[in-house]
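Notes follow the structure.
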There are 2 protein chains.
Amino acid sequence: MTSPHRRFKDAIYEQFARVGKAVSAPKRLELLDLLCQGPRTVEALAEQSALSVANTSQHLQVLRAARLVDAEKRGLYVEYRLADDEVCRFFFALRGLAEARLAEVDQVARAYFEGRGAMEAVEGDELMRRVKRGEVTVLDVRPPEEYRAGHIPGALSIPVGELKARLKELPKGREVVAYCRGPYCVMAVEAVELLRKKGFKAHRMEQGVVDWRARGWRVDREGAQP
Amino acid sequence: MTSPHRRFKDAIYEQFARVGKAVSAPKRLELLDLLCQGPRTVEALAEQSALSVANTSQHLQVLRAARLVDAEKRGLYVEYRLADDEVCRFFFALRGLAEARLAEVDQVARAYFEGRGAMEAVEGDELMRRVKRGEVTVLDVRPPEEYRAGHIPGALSIPVGELKARLKELPKGREVVAYCRGPYCVMAVEAVELLRKKGFKAHRMEQGVVDWRARGWRVDREGAQP
DNA sequence: CAAGTATTCAACCGTATACTTGAACAATCA
DNA sequence: TGATTGTTCAAGTATACGGTTGAATACTTG
């Protein structure tokens, strides 16, 4: 005994909820965050999100059912990517809303970052100024593929895993600012911890390449590594 | 055997997912949509969303747990409102993403609107021009409280339920453009159906007051009804 | 103070969802 | 062709969620 009006509304909001459902699981949000950085294979996503491959595949299909991501077969791998830049902006809006309204986000972040020695984040424009003046070494600690796909101009690429062995590549006595994928990526944290232990003056930059680009600043592709 | 990094990430994305979970149920989205219009009591929300009061209360508490809405006791009633304008913008972003990427939204809307006689929606700025030229009568068919809280300048207030009895208030022979709460509110559809049956030249405007204001256009409060 | 009203709480049921495991299905490479 | 690798499918389980119903809690009003 439902009116056509009611049926219409129910149908419409049910459609809207498809997007909502897609972003209602923590792991799917993590996958979306990774995909905001760039296209990835299922395997890569599984590893970076600490999920089983099968589970990752399932989550990706939920995201695909909501049309938030697209899949394309590339040789032996299936590459997933955001269906649209709008999706990334939507994810950022959700993240921003959570940061602004949920005190718990701040608490969790604070507990983690403070636990590892006052790593106050360097503001992006502050860093920019210092980079331009040549005052600091900017260090990109992400995997080299990601560096190649786009990095902050002038940044040096040393994956966090290789950092210990490649410390000599860093100009001694110069302040280092490390960045990775974004505010909740922990590779830069690890890097800074190591660098400080080794006697470097090191800071972490919150912004990743995506945030950097979102501010309208220049991003370099490929090479240019001294 | 999970690393602190992993625990941190899990904790962070779990927080983000609180917002996602809040918008993963169709009925909660409908409640959010209503609250974007303005504050409402539990009872009013229950009626307008065709939910039981108890169920509405539960959904509202989920929204409140995600800090998307606030509640305030006002006399005998509890009034719920959006916690922040940012929440409304977020809802609009979600809606826009669904409209843009889910073909089904368009299908559902088309099926409903076409079923009731080609009610092509009038574009907001087109209407604006015609209103300013005095070519059309703008009709606000929402409940009078909502009209009082904010309406399109020059609009006449006749709730859809009273329209049949108050047809004589409308200038005869003049085109009527009806609006209500937004693109998926059906009161204006009902009104246009009735008006056409009675021989009026009538159209529906998709935009509600919130969309109108979002475009930066003027909104009137209180009175001014002839 | 008692009666009435608005809202929330608590218990319950059916369904949906996240994750695991093991097998099936491509596409590549030897 | 057969072996290997990457991805998806299918079945099973524990948990979470939406919705219902009926009682409990707060507040106003007579």
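Proteins get letters first, then strands, A, B, ... in listed order; numbering begins at 1 in each.
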Check your understanding: How many Å lie between CG on A:Leu29 and C1' on C:dA18, as a whole number?
Key -> 14 Å
Point to revise | Atom pair distance, as rounded to whole Å: CD in B:Glu47 and P in C:dT7 | key: 12 Å
Check your understanding: For the pair made of CD in A:Gln61 and P in C:dA18, what is the distance, rounded to whole Å?
Key -> 13 Å
Review point. Would A:Arg95 count as a cation-pi partner of A:Phe92, with NZ or CZ less than 6.0 Å from the six-membered ring centre and within 45° of the ring normal?
Key: yes
Point to revise | Complementary nucleotide of D:dG2, counting Watson-Crick and G-U pairs under 3.5 Å | key: C:dC29
Exercise for review: Let me know the distance between CG of B:Leu45 and P of C:dT8, rounded to the nearest Å.
Suggested key: 11 Å
Check your understanding: Over how many whole Å does the gap from B:Glu14 atom CD to C:dA18 atom C1' extend?
Key -> 13 Å
Check your understanding: Backbone N or O of A:Gly208 within a donor-acceptor pair of the A:Asp211 side chain at under 3.5 Å?
Key -> yes
Review point. Atom CD of A:Glu79 to atom P of D:dT7: distance rounded to whole Å?
Key: 10 Å
Point to revise | Between C:dT8 (C1') and B:Tyr77 (OH): distance, integer Å | key: 16 Å
**Study point:** Under 4.0 Å protein heavy-atom contacts per nucleotide of nucleotides 17-30 of chain D, with B for base, S for backbone only and - for none
**Key:** SSBBB-----BS--
Review point. Does a side chain donor of either A:Glu30 or A:Tyr184 reach within less than 3.5 Å of an acceptor in the other side chain?
Key: no
Review point. Would you call B:Arg89 and B:Glu86 a salt bridge, using N to O less than 4.0 angstrom?
Key: yes
Review point. Using a cut-off of less than 4.0 Å, is there contact between a side-chain N or O of A:Tyr80 and OP1 or OP2 of D:dT8?
Key: yes
Check your understanding: Can a donor-acceptor pair be found between the side chains of B:Tyr179 and B:Asp140 at a distance below 3.5 Å?
Key -> yes
Practice item. Compute both the distance and the angle, then confirm whether B:Arg204 meets the cation-pi test with B:Phe113: under 6.0 Å from the six-membered ring centre, within 45 degrees of the axis. Key: yes
Practice item. Provide, to the nearest angstrom, the distance between the CD atom belonging to A:Glu72 and the C1' atom belonging to D:dT7. Key: 15 Å
